[in-house]
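Note: hydrogens, waters and symmetry copies are ignored here, and every other heavy atom, side chains too, is used. For reference, positions follow the sequence shown, starting with 1.
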Amino acid sequence: MADDQHHGTKELASAIRAGAARRPEQAFGDYFVGRRASCALGAAYEGMYRLAADMDGKRPTKDLTSFFDCLEGTVRGCPIEGCKKRLLLSAMIVHLNDHHSWSREQIATWLEENGSKKPAQQAGPPEGGPHV
């Protein structure tokens, strides 16, 4: 993929912030809840597209991971002290959103601050996946 087509963690963080501005409440355990809430990945999707007002129960399409190839091409360790999870970036964002209750803004800041790191080598397959 050409550099001008690559959308990495900084662009992902911007999309999360843009989507969070459109739905002011944070969702946990689902991408969208009603008309006012989204999780971090739901916010990223909304940052890419203009979505219907009521997205309750709907999921982002696969083009989210195609647009932001870092979601499936990067493994990250959990930044929470004592948490030993190592997951694909998409699953780590869900983990931070749902299990550690990080705000979408905290997740976006973490992405901006840790975006230039190369993915660490993993000993085995990463755990889990987004909102399975």
Inset, instruction - For the pair Leu41 and Asn97, evaluate side-chain contact (heavy atoms from CB on, under 4.5 Å) and give the outcome as yes or no after the intermediate values. - result: CA-CA 9 Å; Leu41 284 181; Asn97 188 95; over 6 Å; no
Legend entry - Audit row: Arg104, Ser38, side-chain hydrogen bond (donor to acceptor under 3.5 Å, both in side chains) steps and yes/no: CA-CA 9 Å; Arg104 296 167 296 177; Ser38 65; 2.9 Å; yes
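- Across every non-hydrogen atom of Ala20 and Ala43, the tightest pair is N-CB, 3.7 Å.
- Here the closest heavy-atom approach between residue Cys70 and residue Leu89 is recorded as O-CB, 3.6 Å.
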Legend entry - Verdict with supporting geometry, Val94 and Leu87, side-chain contact (heavy atoms from CB on, under 4.5 Å): CA-CA 10 Å; Val94 171; Leu87 304 165; over 6 Å; no
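- Salt bridge Lys10/Glu113: absent, no basic N to carboxylate O contact under 4.0 Å.
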Legend entry - Test side-chain contact (heavy atoms from CB on, under 4.5 Å) applied to Glu46 and Arg22, step by step: CA-CA 8 Å; Glu46 183 134 37; Arg22 292 186 188 137; 3.7 Å; yes
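- Looking only at side-chain heavy atoms (C-beta outward), Gln26 and Ser101 stay at 4.5 Å or farther from each other.
- Note that NE2 of His95 is 13.5 Å distant from CG of Leu88, once rounded to the nearest 0.5 Å.
- Side chain of Gln106 to main chain of Ser103: a donor-acceptor pair is present (N/O by atom type, distance under 3.5 Å, no hydrogens or angles).
- In plain terms, the two heavy atoms of Ala40 and Ile107 that are nearest each other are CB-CD1, 3.7 Å.
- Here the NE2-SG distance, from His100 to Cys78, works out to 3.5 Å after rounding to the nearest 0.5 Å.
- Rounded to the nearest 0.5 angstrom, Met48 CE and Phe68 CZ are separated by 5.5 Å.
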Inset, instruction - Could you walk me through whether Thr74 and Asp69 pass side-chain contact (heavy atoms from CB on, under 4.5 Å), step by step? - result: CA-CA 8 Å; Thr74 307; Asp69 56 352; over 6 Å; no
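- Expressed to the nearest 0.5 Å, how far CZ of Arg86 lies from CE of Met92 amounts to 8.5 Å.
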Inset, instruction - In sequence, state the C-alpha distance, the side-chain angles, and the governing distance for Glu112 and Thr9, and then conclude on side-chain hydrogen bond (donor to acceptor under 3.5 Å, both in side chains). - result: CA-CA 6 Å; Glu112 290 165 344; Thr9 54; over 6 Å; no
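- Salt-bridge check for Glu105 with Arg17: failed, with every basic side-chain N at 4.0 Å or more from each acidic carboxylate O.
- In this structure, the side chain of Arg76 engages the main chain of Asn114 through a donor-acceptor pair within 3.5 Å.
- To the nearest 0.5 Å, the span separating CH2 on Trp102 from CD1 on Ile80 amounts to 4.5 Å.
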